Asks: 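Submitted below is the structure of interest, expressed as structure tokens.
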Amino acid sequence: MARWKNGNDTPRGRPSDRSPGLVRAVLDFELDIGVVGDVDIDPAVFNDPAQGLTDSDTSSDSEKTSEYPVFSLKTENWISIQGGEFGQSLFLGTKRLSLPKEWRNPDFPFVRGLPDGTILVSDTTFDVSHEKNTWILSREGEILSHFGIGSAAVEICPLEGGLIAVAYHPLSAKKFGHRVEPQQRTAIAFFDRQGKLLTTFNHEAGRASISADNVRCMTRVSPHELIFIPEKLTSRGQDIENPVVFYHCATGRSLVFSAPLGGSEAVSVARGRDGELWVLLASPEGFEDQVIAFDPARKVSQYLGVFTGIFRGLTGFSVSQGIGLAVDSLANPVKEAAETELRPSVQLKAPWSHLSGGFISQEIVSEYNWVLANPEALPVFDSAEWTQETLRI
């Protein structure tokens, strides 16, 4: 059972003396048309997240006095789809490109930066969900490939080696009138850049007697690794309560463990000041708009704070660096995290030099936020005992 520790109950200092558990990075678009439909990091110019920071002195007075520490991100290091029902465009920073002529201006489009700098866009309009609804574009807007991924994708994560991971929630597809397709029953389907279905999670994990259904959320945590939360996961005939899965796409190996809470709307990972790995759960069941950090090795949870509008996990580690989950070195492809230490291959040089993982959040039509875990708020462990030290502000 997880031990809960609210930062406001720690013995060091008063609540007002301590750094909040979340940090808000402001990404404020100057809208040309409509609203911002979706955003992603541009890997061609944003390999190191620290390069995307603006000078802290540029923060407004209101930001400096905010309840959460705030800094700004340069919008030229992001890609976005902007517009409305009568027309949308693809933006590389402030450079505007036309979307394919078949584009139907969906309310909830996908845009993802691929490792080689090209761009994936997917049209989620119901009418085209069973057609070729996904394109890979050059940085000049040229169509490089056009294929279908099916209906009601939950998340799309481009990976190194040309793999494109697409997570599905078939129950939602059925609820909204979509036909349930074979690849949706595989939890995650892996396509190549031409849209050919190469393999699936349930096919690969089935070798270890694991199967998953109805993925709620998924986040890429390194060039070859995913973390995702399915509604249901069965391992060797047993259902895992509140399952969370690390999956290494290059080796096909999984690490499965139970979280203290189920039903998270988004998942990510972060590093504490000591480099230890924490899983971040956004809006888990019964804790709407709250962010909970969970150490899977020690079964310890930490409340980080409240932030509305969170909808997607995002990691802040460079594509070349990754976060170093040693899933591929496990003797047993599936173990409870309590039995397996998760040791990072990289350390944070300083709390702010490499941004911790977090979430993308949209509160108003032109402003997105990168909601990060403050490393100062995550407990530091010393052998069997653990204490929490906090930054006085």
Side-chain angles (χ1 to χ4, degrees), residues 43 47 112 114-116 154-168 183 186-193 197-213 215-230 233-236 240 242-259 264 266-271 275-281 294-297 313-347 357:
N47 247 8
R112 297 291 180 266
L114 276 66
D116 65 353
V154 173
E155 182 55 83
I156 302 175
C157 292
L159 301 159
E160 289 286 354
L163 278 182
I164 299 169
V166 182
Y168 297 98
Q183 77 269 18
T186 66
I188 303 170
F190 295 92
F191 299 88
D192 67 10
R193 292 169 59 94
L197 179 61
L198 300 178
T199 189
T200 70
F201 173 79
N202 280 345
H203 173 75
E204 300 293 336
R207 299 167 184 171
S209 301
I210 297 172
S211 66
D213 293 311
V215 176
R216 295 185 61 87
C217 51
M218 176 177 72
T219 303
R220 181 185 62 195
V221 294
S222 86
H224 299 285
E225 294 162 306
L226 301 169
I227 184 172
F228 70 96
I229 296 179
L233 185 136
T234 302
S235 176
R236 303 187 186 280
I240 305 299
N242 302 333
V244 178
V245 185
F246 283 108
Y247 180 65
H248 197 293
C249 302
T251 64
R253 292 190 173 184
S254 305
L255 179 66
V256 180
F257 60 88
S258 294
S264 294
V267 62
S268 188
V269 295
R271 296 286 186 190
E276 293 294 336
L277 175 73
W278 291 79
V279 174
L280 306 181
L281 308 174
F294 174 62
D295 182 336
L314 194 66
T315 55
F317 300 89
S318 68
V319 171
S320 61
Q321 182 187 58
I323 66 166
L325 294 174
V327 175
D328 57 340
S329 66
L330 295 177
N332 185 344
V334 181
K335 289 187 177 182
E336 284 292 330
E339 301 172 2
T340 305
E341 284 188 305
L342 303 179
R343 293 297 178 189
S345 61
V346 296
Q347 300 281 327

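Computed from a predicted structure; not experimentally measured. Residue numbers run from 1 in the order of the sequence given.
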Asks: Measure the spacing between SG of Cys249 and CD1 of Ile188 and express it to the nearest 0.5 Å.
Replies: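 Those atoms lie 7.5 Å apart.
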
Asks: Determine whether Glu204 and Phe190 make a side-chain contact, defined as any pair of heavy atoms from C-beta on separated by less than 4.5 Å.
Replies: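 No, their side chains stay 4.5 Å or more apart.
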
Asks: Measure the CZ-CG distance between Phe191 and Leu197 for me, rounded to the nearest 0.5 Å.
Replies: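 That separation rounds to 5.0 Å.
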
Asks: Output all residues satisfying side-chain contact (heavy atoms from CB on, under 4.5 Å) with Cys217, sequence neighbours left out; order by chain, then residue number.
Replies: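 Only Ile229, Val267 meet the side-chain contact (heavy atoms from CB on, under 4.5 Å) criterion with Cys217.
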
Asks: Using the side chain to side chain contact (heavy atoms under 4.5 Å, CB included) rule, take Arg271 and Leu277 through it: C-alpha gap first, then chi angles, then the decisive distance, then the call.
Replies: CA-CA 5 Å; Arg271 296 286 186 190; Leu277 175 73; 3.2 Å; yes

Asks: Please tell me if the side chains of Leu226 and Cys157 come closer than 4.5 Å, counting only heavy atoms from C-beta onward.
Replies: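 Side chain of Leu226 against side chain of Cys157, heavy atoms only: contact under 4.5 Å found.
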
Asks: Minimum heavy-atom separation for Ala259 and Phe294, please, with both atom names.
Replies: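 Taking every non-hydrogen atom into account, CA-CE2, 4.1 Å.
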
Asks: Where do Asn202 and Ala212 come nearest, in terms of heavy atoms and distance?
Replies: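 In this case the closest contact between Asn202 and Ala212 is OD1-N, 2.8 Å.
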
Asks: Mind checking what makes salt bridge (charged side-chain N to carboxylate O under 4.0 Å, His left out) contact with Asp116, not counting sequence neighbours?
Replies: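 Checked Asp116 against salt bridge (charged side-chain N to carboxylate O under 4.0 Å, His left out); matches are Arg193.
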
Asks: Restricting to non-hydrogen atoms, name the atom on Thr219 and the atom on Leu314 that form the minimum distance, rounded to 0.1 Å.
Replies: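 Scanning both residues, the minimum pair turns out to be CG2-N, 3.9 Å.
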
Asks: From the options Arg216, Arg112, Arg220, select the one residue that forms a side-chain hydrogen bond (donor to acceptor under 3.5 Å, both in side chains) with Glu155.
Replies: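 Of all the options given, the one that passes is Arg112.
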
Asks: Using the side-chain contact (heavy atoms from CB on, under 4.5 Å) rule, pick out the option among Glu225, Met218, His224 that qualifies with Val221.
Replies: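 In the set Glu225, Met218, His224, the residue that makes a side-chain contact (heavy atoms from CB on, under 4.5 Å) with Val221 is Glu225.
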
Asks: Checking side chain to side chain contact (heavy atoms under 4.5 Å, CB included) for the pair Val279/Phe246: CA distance, chi angles, key distance, verdict?
Replies: CA-CA 10 Å; Val279 174; Phe246 283 108; 4.1 Å; yes

Asks: I need the minimum non-hydrogen distance between Leu280 and Gly357, along with the two atoms involved.
Replies: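 It is CD1-O, 3.5 Å.
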
Asks: To the nearest 0.5 angstrom, please state how far the CG atom of Leu163 sits from the CG atom of Leu114.
Replies: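 It is 11.0 Å, given to the nearest 0.5 Å.
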
Asks: Which residues pass the salt bridge (charged side-chain N to carboxylate O under 4.0 Å, His left out) test with Asp213, sequence neighbours left out?
Replies: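 Partners of Asp213 by the salt bridge (charged side-chain N to carboxylate O under 4.0 Å, His left out) criterion come out as none, since no residue qualifies.
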
Asks: Rounded at 0.5 Å granularity, tell me how far CG in Asp192 sits from CD1 in Ile164.
Replies: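 Answer rounded to 0.5 Å: 7.5 Å.
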
Asks: On the 0 to 90° scale, with breaks at 30° and 60°, tag the Phe201-Phe228 ring pair as parallel, tilted or perpendicular.
Replies: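 Phe201 and Phe228: perpendicular rings.
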
Asks: If you take all heavy atoms of Ile210 and Ser235, which pair is closest and at what distance?
Replies: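 That would be CG1-OG, 4.1 Å.
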
Asks: Could you tell me which non-hydrogen atom of Ser268 sits nearest to which non-hydrogen atom of Ile227, and how far apart they are?
Replies: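 Looks like O-CD1, 4.5 Å.
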
